[in-house]
Amino acid sequence: MAGKRNDYITWDEYFMGVAKLSANRSKDPSTQVGACIVSGDNKILSMGYNGFPMGCSDDEFPWGKEDGADPYDTKYFYAAHSELNAILNYRGGSLEGSKLYVTLFPCNECAKAIIQCGIKTVIYACDKYADTSATKASKRMLNAAGVRYYEYQPTGRKIEIQV
């Protein structure tokens, strides 16, 4: 009798894969971020990606991020981050005690929402803005609120999706 296979993916690989797949829905030309919220018993609760709010056409609002440009004409006043979208997309009640998988470390604004909704763990793939004030403030708030966070450690295994 054959035993179970041993090359299955871990929960972290699975849920970070979902977050990365969600990021591919973003129409942002420079930064695509995805998020996946998971219950304590490893059930997907919600997903999100960065983009404009419903009703705000991504053909009519600006995608630019030019330095020195009028902020009104850049994406920053309009785009909702993946973490906030995942939180707002959840329709099931409380997110208390859940985990958030996200492809980019949350900014300070998203950290506020993460803390307020009760997410207790953040697993992130990239922290490219670690030295910015926004990320430092985010980590300060997450630490103060007792929200655990750690960087996703890929196994190096190539995961292919067949369609």
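Keep in mind that this is a model prediction, so the values were computed, not measured.
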J.: Counting heavy atoms not belonging to Glu151, are there more than 12 under 6.0 Å from its CD?
T.: yes

J.: Using a 4.5 Å cut-off on heavy atoms from C-beta on, say whether the side chain of Lys128 contacts that of Phe105.
T.: no

J.: Are any side-chain N or O atoms of Glu60 and backbone N or O atoms of Cys56, one a donor and one an acceptor, separated by less than 3.5 Å?
T.: no

J.: State whether a side-chain donor-acceptor pair under 3.5 Å links Ser30 with Lys75.
T.: yes

J.: May I ask you to check whether over 12 heavy atoms, not counting those of Tyr72, lie within 6.0 Å of atom OH?
T.: no

J.: Are any non-hydrogen side-chain atoms of Lys120 and Glu96 less than 4.5 angstrom apart?
T.: yes

J.: For the residue pair Tyr150 and Thr121, establish whether any side-chain heavy-atom pair is separated by less than 4.5 Å.
T.: yes

J.: Please determine, by modelled atom types, if Asp12 and Tyr101 share a side-chain donor-acceptor pair under 3.5 angstrom.
T.: yes

J.: For residues Pro71 and Tyr76, determine if any side-chain heavy atom of one lies less than 4.5 Å from a side-chain heavy atom of the other.
T.: no

J.: Fit a plane to each ring of Tyr149 and Tyr124, take the angle between them on a 0 to 90° scale, and name the class: parallel (under 30°), tilted (30 to 60°) or perpendicular (over 60°).
T.: tilted

J.: Where does the angle between the aromatic ring planes of Phe15 and Trp11 fall among parallel (under 30°), tilted (30 to 60°) and perpendicular (over 60°)?
T.: parallel

J.: Classify the ring geometry of Phe61 against Tyr78: parallel below 30°, tilted from 30° to 60°, perpendicular beyond 60°.
T.: perpendicular

J.: If I compare all heavy atoms of Val38 with all of Ser98, which pair ends up nearest, and what's the gap?
T.: O-CB, 3.2 Å

J.: Looking at Met47, I'd like to know if its CE atom is crowded, meaning that more than 12 non-hydrogen atoms belonging to other residues, nucleotides or ligands lie closer than 6.0 Å.
T.: no

J.: Report yes if the side chains of Tyr8 and Tyr14 come closer than 4.5 Å at any heavy-atom pair, otherwise no.
T.: no

J.: Does any part of the side chain of Ile37, heavy atoms only, come nearer than 4.5 Å to the side chain of Tyr90, both counted from C-beta?
T.: no

